[in-house]
Every structure is written in structure tokens, then in C-alpha cells.
Amino acid sequence: MSHALTAKLNPQQAAAVELPAEHALILAGAGSGKTSVLTSRIAWLLSTGQISPSGLLAVTFTNKSAKEMLSRITAMLPLNPRGLWVGTFHGLCNRMLRLHHRDAGLPEAFAILDQAEQLSAIKRVLKLLTLDDDQYPPRTVQQYINGHKENGRRAADVEAWDDYSRQLKLAYEEYEKQCNREGVADFSELLLRCYELLSYKPEIRAHYQQRFAHILVDEFQDTNRLQYAWLKLLAGQNSAIFAVGDDDQSIYAFRGANVGNMIDFQSDFLVKHVIRLEQNYRSHGNILDAANAVISHNTQRLGKELWTQASAGELIRVYEASSDFEEAQFIVEEAQALIRDGMAASEIAILYRSNAQSRIIEHALFSAGVAYRVYGGLRFFERQEIKHALAYLRLMANPSDDNALLRVINFPTRGIGARSVEAMVEKARLEGCSLWQAACMGAAGRGAAALGKFVSIIDAMRNQIAGLAMTDVVRVMLELSGLLAHYQKDKDGEERVANLEELVNAAATFISEDENNLIAFLSHASLEAGDHQAGEHEEALQLMTVHAAKGLEFNAVFLSGLEEGLFPHENSSKDQASVEEERRLMYVAITRARQRLYLTLAQSRMLHGQTRYGVASRFLDEIPQVLLKYLNRGYAPSSYSSAAPSSFNAAATAKPVAAPKKSTPEHGLAIGCKVEHPKFGLGVVTDHEGGATGNVQVNFAQHGSKWLAVAYAKLKVV
DNA sequence: TGGTGACCAATTTTT
DNA sequence: TTGGTCACCA
């Protein structure tokens with residue numbers, strides 16, 4: 001068995017998989033088969049009978065990688081995934097806290113606040129303390145609180161020397177109290193609370209320490225201090241931690257990731273086994289050479305150099321555009337050439353340092369009629385209508401969830417205005433009770449009837465759902481709350497109604513894979529906000545930030561905006577540490593490409609409404625010239641057409657490509673063009689979103705402005 | 001109670 | 001340039 005598992009691995013990978021049950025650090029370079037090693041290790045441990053499934057804990061950062069790991073393991077071995085402790089840090093902490101909620105000092109039905117909900121909870125605290133928004137911006141306070149939690153500090157542990165920090169500390173204290181009163185936990189609370197559970201309850205700690213003989217950690221370079229401390233508590237005398245990570249891909253310091261954990265791990269745990277996975281299975285040689293060259297400029301490294309058995313491949317193409325507009329044009333036409341040559345659009349990525357850069361590229365793509373998909377944006381459980389629905393569900397599960405109550409008390413509107421809410425908040429404060437209890441006591445004056453109605457709606461919901469399946473719980477809620485009716489009445493509510501129906505479906509599928517339980521469903525909704533965007537598997541160009549591209553790979557990658565101030569970003573070019581982080585980001589970007597890499601920059605760029613003239617990024621200079629091929633040497637072309645898009649088949653000499661079509665999109669729907677709709681008549685295209693498969697906004701002469709789906713609306717260019 | 005205009009700030013983001 | 005927030009008004 002063990003032979004079969006390691007047969008496909010290289011010697012370093014195999015060595016890692018078959019390490020003895022001792023602490024180990026695996027330095028896994030980009031594209032070195034990290035996930036295979038992690039899952040093979042698990043499969044090896046289980047199949048050789050060294051541990052039972054219950055003795056294993058594997059932790060990741062994202063649900064995506066947790067799912068990936070789980071599906072790979074269950075593909076190798078017949079296991080019930082539900083019995084396995086494989087999940088995200090937050091997911092596993094939540095699981096532990098649910099099991100021991102009493103010992104953790106949490107109500108059974110505690111709700112999980114996401115970032116946005118935490119922010120509104122903090123705003124309430126600041127209002128209560130009458131702290132000025134300008135001096136104490138809610139976002140700053142949020143960072144302050146999370147920062148302390150991620151370093152294991154409760155409000156009581158925080159030092160305050162001056163008035164300002166005393167106020168912040170006070171806000172933290174009050175926020176803690178509020179969360180406890182309402183029975184809610186934010187994301188960092190899940191970790192901190194679980195950490196405290198393990199440290200204050202020796203018998204629980206001992207139980208898990210004994211149980212988890214093997215703890216495997218993915219993306220170890222991304223762990224923060226608290227996550228590291230949690231791992232340290234969880235690992236007992238007989239546990240072995242198998243940490244996999246890459247210090248060169250540490251790009252999340254800004255949200256608390258501490259690469260230093262890799263060094264601390266080695267000394268704290270007296271790690272004997274450090275294995276480097278340096279053979280890369282993804283990229284051609286030139287791309288790896290460029291990546292190695294760039295990252296070698298960093299001083300703080302554990303040291304690692306990627307190599308490949310693959311050929312050198314093509315040179316890295318550099319294109320210097322005269323403007324951001326022209327840069328976008330170049331990328332689009334070049335990408336079209338690649339697609340024409342047979343490359344799948346979904347195998348082509350356009351990367352940028354900051355989201356703002358996507359606009360102009362999207363515009364160019366749209367004008368050319370090329371399908372594309374932008375990563376980022378709202379996720380399913382973050383949509384307004386879904387948030388409202390979830391708030392009702394949460395209120396049903398836990399009436400003292402004031403956050404949830406405030407969100408829906410007057411949505412759909414039922415005549416409970418700001419003053420009534422204000423009065424209720426004041427009442428709750430005086431009585432020291434929840435808003436729900438205050439609401440139940442009724443109100444004086446005109447607001448009384450409306451408030452009574454709200455209370456009876458919630459009561460009715462709670463009475464009706466007893467014994468119902470999750471889907472029906474959601475249905476009842478949608479009916480009684482009036483949410484569904486509200487959006488059905490709304491002329492632009494079609495999509496929202498569809499999303500609410502999708503929520504019913506989500507509840508249905510949830511039952512099949514988990515227990516039929518409102519609380520579990522709500523946790524699931526908070527911890528897994530869902531897909532970033534629909535149409536993930538559609539054939540389209542992939543647009544995303546370099547951060548979002550981590551972990552992904554593409555046949556061809558366009559890395560745009562290689563200018564000082566953009567990449568490295570100007571906010572990160574002052575001190576060495578942040579430049580090194582930017583350089584790691586560059587390293588991540590380069591190593592996304594399998595076969596072809598384009599580096600593009602623009603001499604002028606529209607930034608904050610002003611034209612800026614940039615200088616080439618220092619990272620460009622850090623790549624050996626021999627690896628680069630300038631597509632427009634001698635630059636400053638008025639039009640990029642001087643550089644003919646080159647064929648994807650590297651051996652072939654660039655074949656002549658048709659002269660670039662200027663603003664003649666294949667579907668003909670560029671902004672400003674006149675169209676005719678069978679029902680609405682004549683109009684002008686004024687805006688668009690989502691590419692050729694997305695929507696266009698048309699201002700119709702007779703019927704005003706409307707958003708229409710390109711694919712369905714029978715628009716004719718006139 | 002929702003809509004409008006002034007004003008300001010402006011990486012990267014998972015859970 | 002864009003987007004978000006906020007005060008003010010019908």
C-alpha cells in the first residue's frame with residue numbers, strides 16, 4: 001500500500017510522506033506538489049494503520065482547500081468525511097466550541113458574526129459610548145479589536161497609556177460585553193475562545209492532545225500568532241505536527257500572518273525533519289528562473305530554489321504600453337490571439353496588483369466581445385436579501401441576537417422608524433435586557449402597534465418551525481417575514497427572489513450532508529460565504545488580483561501594471577519588510593504561469609482621476625535580461641500594433657495577425673452605440689458589466705434606462 | 001423614509 | 001475617476 005501511495009512521488013515528496021511520527025516542516029515551493037504530499041501523508045498514515053481517522057486533524061485556511069483535501073483523501077480511501085477533523089481553523093474551532101459550548105461560556109445557539117456584522121456591532125458600541133466617528137473610525141476600532149484578539153489579548157490584557165488608547169480599550173471591553181450578552185462570536189473570537197477553552201480546561205485539552213496524534217497544517221506561512229498558539233496547545237506529548245508552507249509565498253502579513261511562525265516552530269518544537277520540495281511541476285524553466293531571480297533579492301528567507309525537468313520554454317514577454325488604455329488593448333488582442341490558436345480562455349489569467357486596475361481591462365474586453373470573469377465581489381451569503389433572510393433565521397435561533405434584530409425589525413418596512421428603535425434600545429439598556437425582550441414589553445405611543453406586529457411575526461415563525469425540516473423552516477421564514485413578497489413586488493427584485501429560492505435549495509442540500517439543524521446551517525452560512533461569483537466553470541478569461549491568484553495556475557498569465565507605485569505599491573515601498581512582501585507577491589504572480597508569461601506596464605496611467613507617469617517596476621529589473629523578450633523595444637509606440645501578437649505555438653514564427661479591430665465588438669454593444677430592442681425600441685448602450693455573458697445598460701428613448709442580459713435580450717445594433 | 005447632492009479617500013482579504 | 005458615507009429634504 002505504502003508503495004502505491006509513494007510511487008508517483010519524487011524522492012523528497014516520498015520522504016515527507018513517510019516521515020516518522022515526529023514534528024516536521026515541509027518547505028513546499030510553488031507548484032511542487034504540496035497538496036499531493038499532504039493528502040498522501042494522510043492516506044499513508046491511515047492505510048498503514050498508524051492512526052485511525054479520529055486521530056487526525058488537518059487544518060487549512062480556506063474552505064476551498066479543505067474541501068479539496070477532503071475529496072482527495074476520500075478518493076484514496078473509503079472514509080466517512082464527516083468523521084474526519086479536516087477543515088479551516090475557524091471551522092474546526094467552531095466545531096470544538098459547539099461541542100463544549102458550556103465550558104467555553106457560550107450559549108448553545110451562539111451566532112457567528114462575519115466582518116460586516118462585526119462592524120455594525122462595533123458601530124453600536126461606539127454609539128453607546130458616544131465616541132466620535134472621526135476620532136474613532138469603526139474600521140480602525142475593528143482592526144484594533146481583531147489585532148488584539150489575534151495576539152491572544154482580551155480587553156483586560158490591553159495596556160492603555162493615554163486617553164486615546166484608554167477609549168479604545170473601553171470600546172473593546174464594551175464590545176466584549178455586548179457580544180457575550182447577545183451570544184455572538186466574531187471570527188477571531190472563534191479562535192481565541194477555542195484557545196482559551198483548551199488552556200483553561202486541562203481535561204478537555206488532555207482529551208484532544210491524546211486524540212490527535214497527527215496534526216497537519218497547510219499554508220503554514222499564513223498562520224497568525226493565535227493560530228500558532230492554538231496549534232501549540234493542541235499538540236500534546238505524543239502528537240506530531242506536519243507543517244507545510246512556503247515562506248516565499250507569504251503575502252498576508254497585512255492581515256496578521258506571521259512568517260516568523262515557521263522559525264519559531266522549528267525551535268519551539270525541536271523540529272528534526274525539514275524537507276524542501278523544490279522540484280516544480282508547473283512552469284517552464286525560464287519562468288522559474290525569473291521567479292528565482294526575483295525572490296533571491298529578499299534577505300529574510302529560509303532558502304529554496306525551484307527547478308524543473310521541463311524545458312526552458314519561451315522567453316517572458318515584456319510589453320511597455322504608452323498608456324493604461326493601450327496596455328489593456330494589447331492584453332486583449334494578445335489574449336484573443338491565444339484563444340484563436342486554441343488555448344482555452346479559462347487557461348488565461350490577467351493579473352493585477354489592485355482591483356482598480358480591472359476596470360480598464362474589463363472595458364477593453366467588453367468592447368472586443370471577449371468573455372471574462374472577475375474574481376472578487378459579492379458572494380452568495382453576502383447578498384443583501386440573503387443577509388436579511390439569515391437575520392430572521394438567527395433571530396429565531398437566538399432572540400437575544402440584537403444585531404439580527406436591528407437588521408430586520410423594519411425590513412420589509414413595517415412602520416418601525418428610527419425613533420421607535422431608539423426608544424427600544426434605550427429601554428433595553430435601562431433594563432439590561434436584549435432588544436427582543438424590550439420589544440416584547442411593548443412600546444408607548446404610536447409605535448406600539450407596529451412593534452407588536454413584529455413581535456407576533458417572530459413568535460409565529462418560532463411556533464411554526466418546530467419539527468420542520470430546514471427547507472421548510474426557510475420557506476416559513478420567507479413567507480411570514482414578508483421578505484419574499486417584498487422582493488416579488490419590487491420591479492428589480494427578480495434576481496433577489498431567485499437568490500432567496502436558492503437559499504431554500506441551499507437549506508435542502510445542507511440537510512443531506514449534515515444534521516437537520518438550524519444552528520448548524522447558520523454556522524455554515526457564516527463560515528462559508530459561498531462562491532465568489534456564479535459561472536465559475538464557464539469558458540472565460542480569468543481576471544483577478546495577484547493575491548486571489550495564489551494557489552491557482554494557468555497556461556498563460558498576463559501580469560499588468562508593472563510600475564513603481566503600483567507594484568510594488570507605493571504604500572509598501574517605504575520599508576524593507578513591506579518591499580519584501582511585495583516581492584513575494586511578484587514571486588507568486590510569476591509562478592502562476594505554466595507556459596507563457598507576459599509582463600506589461602504603461603508609461604501613463606489614470607489614477608485617482610489624474611494621469612500619472614510611472615517608472616518601470618524594480619521587479620522588472622530584477623529579472624535577468626536574457627529571460628526577457630521585449631515585444632516593443634524602443635518603445636513609445638503610438639499604437640501597439642507595431643508588435644504583432646505572437647502565436648502561442650512557440651516554435652512557429654509569429655504568424656501575421658489581422659489588423660487590430662478598433663472598437664468593433666463582436667456583439668456590437670460598445671458603450672455609446674445605438675441599439676434596437678423588439679419591445680423597448682431604440683436606445684443607446686450606456687454601461688456594461690460581466691463581459692460578453694453579462695449585462696448591458698441601455699437608455700431607451702421611450703422606456704428609460706434598463707439593464708439587460710446580453711445573451712437574452714434581442715438587441716440589434718442600428 | 002427614501003432619495004439626492006456634497007464631500008472625501010483611494011492596496012492586498014479569508015474566515 | 002470612482003465609490004462610499006452622510007447630512008438634509010420632500
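A note on names: the letters A, B, ... follow the listed sequences, proteins ahead of strands, and every chain is numbered from 1.
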- request: Quote, to the nearest angstrom, the P distance that separates dT5(C) from dT12(B).
  value: 16 Å
field: Separation between the C1' atoms of dG3(C) and dT14(B), rounded to whole Å
entry: 23 Å
Atom [atom1] of [X] to atom [atom2] of [N]: distance rounded to whole Å?
X         : N       : atom1 : atom2 : answer
Leu226(A) : dT14(B) : CG    : C1'   : 15 Å
Glu528(A) : dT15(B) : CD    : P     : 8 Å
Arg353(A) : dA10(B) : CZ    : P     : 15 Å
Glu382(A) : dT13(B) : CD    : P     : 12 Å
Asn146(A) : dT13(B) : CG    : P     : 17 Å
Arg605(A) : dT11(B) : CZ    : C1'   : 14 Å
Tyr252(A) : dT13(B) : OH    : P     : 6 Å
Glu362(A) : dT1(C)  : CD    : C1'   : 15 Å

field: Contacts of Phe254(A) that satisfy ring pair (Phe, Tyr, Trp, His ring centres under 6.0 Å) - sequence neighbours left out
entry: Tyr252(A), His547(A)
query: Which letter, B, S or -, goes with each nucleotide of nucleotides 2-9 of chain C from 5' to 3', with contact meaning a protein heavy atom under 4.0 Å?
result: SS--S---
Would you confirm whether the ring centroid of [Y] sits within less than 6.0 angstrom of the ring centroid of [X]?
X         : Y         : result
His101(A) : Phe110(A) : no
Phe325(A) : His363(A) : no
Tyr144(A) : His148(A) : yes

Just wondering, do [Y] and [X] contact through their side chains at under 4.5 Å, heavy atoms?
X         : Y         : answer
Glu385(A) : Leu483(A) : no
Glu219(A) : Lys550(A) : yes
Met544(A) : Leu351(A) : yes
Ser572(A) : Glu581(A) : no

task: Looking only at non-hydrogen atoms, find the nearest pair between Gly561(A) and Phe567(A) and report the distance.
output: O-CB, 3.8 Å
query: Which heavy atom in Ser250(A) sits nearest to a heavy atom in Arg584(A), and how many Å separate them?
result: O-NE, 2.7 Å
field: Gln115(A) (side chain) and dT14(B) (base): donor-acceptor pair under 3.5 Å
entry: yes
query: For the base of dT1(C), is there a side-chain donor-acceptor partner from Gln610(A) under 3.5 Å away?
result: no
field: Presence of Arg379(A) side-chain N/O under 4.0 Å of dT15(B) phosphate oxygens OP1/OP2
entry: yes
message: Looking at dT11(B), I'd like to know if its phosphate oxygens (OP1 or OP2) sit under 4.0 Å from a side-chain N or O belonging to Asn355(A).
response: no
- prompt: Want to settle it: does Gly417(A) or Ala356(A) sit nearer the 5' end of DNA chain B, counting the closest nucleotide to each?
  reply: Gly417(A)
task: Specify the residue among His608(A) and Ala548(A) whose closest nucleotide of DNA chain B lies further upstream toward the 5′ end.
output: His608(A)
message: Looking only at the side chain of Thr545(A) (C-beta and beyond, no hydrogens), which of the listed nucleotides dT13(B), dT1(B), dT15(B) gets closest?
response: dT13(B)
statement: Checking dT13(B), dT15(B), dT11(B) against the side chain of His90(A) (C-beta onward), the nearest is dT15(B)
query: Is the Phe558(A) ring parallel, tilted or perpendicular to the Tyr598(A) ring (thresholds 30°, 60°)?
result: parallel
task: Mind checking Asn63(A) for me? I need base, sugar-phosphate or nothing, with any heavy atom below 4.0 Å counting as a touch.
output: sugar-phosphate
- request: Under 4.0 Å between any heavy atoms, over every strand shown, what does Asn410(A) touch: base, sugar-phosphate, or nothing? Just pick one.
  value: sugar-phosphate
- prompt: Ring-on-base stacking between Phe254(A) and dT12(B), under 5.5 Å between centres and under 30° between planes: is it there?
  reply: yes
Members of residues 562-575 of chain A that approach DNA chain C, where some heavy atom sits under 4.0 Å away: none
